[in-house]
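Let me begin by presenting the structure, written as structure tokens, before commenting on it.
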Protein chains: 4
Amino acid sequence: MLIKNEHSFSFGAKHVPKVSEAHLEARKEQIVRAAFLCFARKGFHPTTMQDICAEAHLSPGALYRYFAGKEEIIQSACDEAQAAQDAGLIAEALAEPDTRAMFHRLVHAFFSRFDDPAADVYNRASLQLWAEMAVNDRVRESFSHNHAVVHAGLGEVVREAQRRGDLDGSLDPGALVSAMIALYDGFRLQKALDPTIDTAAYARVAEALLGGTSWTGAR
Amino acid sequence: MLIKNEHSFSFGAKHVPKVSEAHLEARKEQIVRAAFLCFARKGFHPTTMQDICAEAHLSPGALYRYFAGKEEIIQSACDEAQAAQDAGLIAEALAEPDTRAMFHRLVHAFFSRFDDPAADVYNRASLQLWAEMAVNDRVRESFSHNHAVVHAGLGEVVREAQRRGDLDGSLDPGALVSAMIALYDGFRLQKALDPTIDTAAYARVAEALLGGTSWTGAR
Amino acid sequence: MLIKNEHSFSFGAKHVPKVSEAHLEARKEQIVRAAFLCFARKGFHPTTMQDICAEAHLSPGALYRYFAGKEEIIQSACDEAQAAQDAGLIAEALAEPDTRAMFHRLVHAFFSRFDDPAADVYNRASLQLWAEMAVNDRVRESFSHNHAVVHAGLGEVVREAQRRGDLDGSLDPGALVSAMIALYDGFRLQKALDPTIDTAAYARVAEALLGGTSWTGAR
Amino acid sequence: MLIKNEHSFSFGAKHVPKVSEAHLEARKEQIVRAAFLCFARKGFHPTTMQDICAEAHLSPGALYRYFAGKEEIIQSACDEAQAAQDAGLIAEALAEPDTRAMFHRLVHAFFSRFDDPAADVYNRASLQLWAEMAVNDRVRESFSHNHAVVHAGLGEVVREAQRRGDLDGSLDPGALVSAMIALYDGFRLQKALDPTIDTAAYARVAEALLGGTSWTGAR
DNA sequence: GATGAATGAGATTTCATTCAT
DNA sequence: GATGAATGAAATCTCATTCAT
């Protein structure tokens with residue numbers, strides 16, 4: 001109450017008090033995390049607000065204080081799912097002077113994520129996200145944006161490799177990037193179908209394909 | 001006419017007339033096709049029975065003559081989506097004595113599908129299917145079965161290439177197959193996000209990766 | 001066809017040809033019998049027209065040639081259920097000069113019906129009928145009419161017994177009749193609840209109550 | 001308030017606050033009462049949830065907070081209809097040393113119920129219950145249980161009368177009980193058909209039949 | 001006359017959202 | 001701020017009835 005009065009003079013009311021803001025964010029986080037679990041378990045649409053409430057130990061009324069509706073929770077969950085630090089990892093790899101080492105770092109960085117015990121939830125939720133993206137403009141936009149960022153980052157990597165003469169310069173860099181992303185996303189799909197699939201073996205294959213060591217026949 | 005008379009005398013006749021059977025299948029087909037469009041457009045769960053009815057130019061009651069409920073339509077749509085003649089294509093490729101030619105045939109066979117104007121609908125529906133698979137046992141089973149068939153087929157291809165010394169024999173064949181499938185499915189995901197993506201360029205990259213021509217650096 | 005022409009001159013067209021009429025009645029009978037079974041099994045309202053069709057080995061379209069709708073089948077079933085030859089039995093009993101013999105004949109006539117193996121179906125259907133009567137004016141009317149006939153017949157019986165000095169003349173004859181009917185209907189209810197209940201023992205009690213032999217204490 | 005605070009600290013609390021529990025019961029009561037009226041008016045199956053909603057001044061959603069479905073409301077209504085304090089009345093009568101006085105008390109206790117202006121609703125609902133019982137296992141069970149209780153109670157009455165020599169010991173006590181119940185239920189049926197029927201006259205007849213005073217002829 | 005596929009109104013039920021407490 | 005009972009629109013599904021064949 002005091003805090004509120006303190007700030008009631010601030011023009012434009014750009015800030016709600018910090019304590020509240022922190023609380024607000026914490027609550028939102030809590031709700032999105034709960035929603036995430038539910039979505040991974042049942043999918044976006046079959047998940048009811050009650051499911052999320054139960055998972056978050058909150059009442060329906062409380063939820064609506066933090067989110068305008070289910071749609072907004074889905075969007076937040078999608079944004080959350082996109083929030084991986086992909087760009088940073090890519091930038092780090094780019095610093096690597098040896099192309100194969102670069103690919104190794106990339107593959108390791110991305111595929112070591114599957115060691116996280118929460119990865120299965122995340123993978124399953126990703127499938128939901130893809131489906132929603134195909135159907136929901138707002139979600140597609142967010143997905144698209146993140147995709148563009150990753151695409152741009154890997155584009156640098158690929159073009160650098162081509163510049164170095166390690167990757168065939170006549171291949172479309174965009175298509176090479178798409179293939180790299182496909183190797184990652186396509187694996188997540190298979191991992192969602194069967195979580196026991198061998199990640200390390202797959203990572204080795206991915207690295208070999210990119211680094212040109214898988215082909216042992218005539219050049 | 002004769003059949004009709006025949007039927008009116010025999011109770012408990014084992015066969016309903018063929019016309020009915022044909023009609024039954026035709027109607028089911030019609031409904032599943034309509035559902036497919038709706039699913040691609042709105043997703044499984046946001047699609048209402050009314051949507052499907054409208055698309056199929058049928059009344060709700062008529063739908064329930066052919067399917068016990070929405071769930072069953074979803075399952076049929078999933079089965080339909082799986083019904084691609086993958087196994088045949090793979091077997092044909094396997095007959096090819098040259099490994100790169102084999103990969104070329106495979107890549108061509110699979111990626112030429114995207115030329116079909118209906119491919120977009122099919123891709124978007126696939127995303128729905130993946131999401132449903134994560135959440136619906138019956139659908140996962142069907143998906144899993146089809147995946148196993150394709151996996152087995154490509155397994156032959158990969159082991160043959162290893163036997164010939166064209167692919168590194170120390171790589172896990174299963175993981176190699178997974179990567180091939182990932183290159184395909186991962187592209188479908190990207191195509192669903194942006195249908196204008198260049199399929200031919202991507203196919204060239206896929207072929208180059210498998211055939212070891214993408215890497216132009218030191219061996 | 002020929003028959004039809006033969007009659008096409010008859011004024012007023014009161015008769016449809018006898019063969020057709022017989023056929024019509026036979027079909028109606030067949031349908032009502034089927035309906036009766038269904039009603040006894042599931043009740044009036046949960047029984048669907050399809051249930052009746054299946055039981056009657058007829059198509060829905062055929063049913064509607066004989067009955068205007070479900071309502072009409074229910075009414076016919078009710079009329080059928082009422083069509084017992086009660087009045088005749090009562091008239092016969094009335095001829096008996098000895099009152100106790102008269103009661104014996106009545107009780108025997110009515111309770112021996114429960115020996116019929118179809119009696120259970122009939123009893124269960126009666127419960128449905130009673131429920132419908134409470135709710136459906138047309139059915140109540142039909143029920144009411146039959147009830148009045150039986151009531152009148154038993155009224156004669158009771159008044160005759162009072163005239164002879166065998167039943168207390170100060171008791172309301174209508175109430176006595178009601179009690180006789182209650183002893184019958186109330187038993188049917190119990191028989192529907194438990195078909196193994198001992199009919200003969202009950203009949204002896206009913207006779208004893210009416211004939212004044214159940215009371216063995218001081219007068 | 002205290003309770004509320006208490007509650008907010010303890011997760012997994014075993015009791016929900018009493019207010020809620022009371023409220024729950026009150027609402028259920030309210031709904032069942034409304035349903036009862038509807039059932040008496042239209043029968044179980046023709047009554048729609050909307051009918052019950054309207055009668056209870058509640059929205060459809062609200063109903064489903066208290067009952068899982070229509071079936072459950074029907075069952076509750078049936079249980080409610082059985083909840084008469086029959087056993088108590090019978091026990092009281094049993095205390096009476098004079099058999100005719102005992103019968104008088106019984107008849108009076110049961111038939112005075114028809115003076116209640118709500119009795120008509122109750123009777124009509126009973127017919128629905130009987131019909132449902134014939135068709136619905138769960139309802140039959142509940143009915144059967146209550147019937148057994150009443151049967152046992154009246155069995156004591158009858159055997160006591162036989163012990164005293166007032167009722168013929170050679171008559172089956174169970175059948176005598178059945179007849180007593182039939183005199184009651186059979187009357188309810190007639191009262192549902194015609195609510196103006198003279199209850200007092202009928203009660204006198206019932207008493208006379210049991211007490212052996214209806215027969216005025218030779219013994 | 002018979003068939004049975006199709007219709008579509010209407011019933012049950014769910015669930016996102018609101019709002020009095 | 002929190003609660004959770006209530007709302008009511010909308011979804012799924014049923015079934016009496018019709019009608020082209």
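Labels below follow one simple rule: chain letters A, B, ... track the order of the sequence lines, proteins then strands, and each chain is numbered from 1.
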Point-to-point distance, once rounded to the nearest 0.5 Å, from CZ of A/Arg33 to SG of A/Cys38: 13.0 Å

OP1 or OP2 of F/dT3 under 4.0 Å from side-chain N/O of A/Arg65: no

B/Gly61 vs D/Gly61, nearer the 5' end of DNA chain F by closest nucleotide: D/Gly61

Whichever of B/Ala62 and D/Ala62 has its nearest DNA chain E nucleotide further upstream toward 5': B/Ala62

Whole-Å gap separating P (E/dA6) and NZ (B/Lys28): 13 Å

Pairing partner of E/dT12 (Watson-Crick or G-U wobble, both distances under 3.5 Å): F/dA11

d(NZ, B/Lys70; P, F/dA10) in whole Å: 15 Å

Residue of the set A/Gln75, A/Arg27, A/Lys28 for which side-chain contact (heavy atoms from CB on, under 4.5 Å) holds with A/Phe67: A/Lys28

Whole-Å distance separating the CG atom of C/Leu63 from the P atom of F/dT18: 12 Å

Candidates C/Phe39, C/Phe44, C/Phe36, C/Phe143 - the one meeting side-chain contact (heavy atoms from CB on, under 4.5 Å) with C/Cys78: C/Phe44

Euclidean distance, atom CD of residue A/Glu72 to atom P of E/dT17 [Å, nearest integer]: 10 Å

D/Glu141 side, atom CD; D/Asn136 side, atom CG - distance, nearest 0.5 Å: 9.5 Å

Contact under 4.0 Å: C/His23 side-chain N or O vs E/dG1 OP1/OP2: yes

5′-ward residue of the pair A/Glu71/C/Gln50 relative to DNA chain E: C/Gln50

Nearest-angstrom distance from the residue atom CD1 of B/Ile52 to C1' of F/dA11: 12 Å

B/Tyr66 vs E/dA5: side-chain N/O to OP1/OP2 distance below 4.0 Å: no

Residue-phosphate contact under 4.0 Å: C/Tyr64 side-chain N/O, F/dT17 OP1/OP2: yes

Flag side-chain contact, heavy atom, 4.5 Å: D/Arg41 against D/Glu55: yes

Pair assignment for F/dT18, Watson-Crick or G-U wobble, requiring both distances under 3.5 Å: E/dA5

For atom CG of D/Asp51 and atom C1' of E/dT12, their distance in whole Å: 13 Å

Phosphate contact (F/dA2 OP1 or OP2) by A/Arg27 side-chain N/O below 4.0 Å: yes

5' precedence on DNA chain F between A/Leu58 and B/Thr48 (nearest-nucleotide basis): A/Leu58

Value in whole Å for how far the P atom of F/dG8 lies from NE2 of D/His57: 14 Å

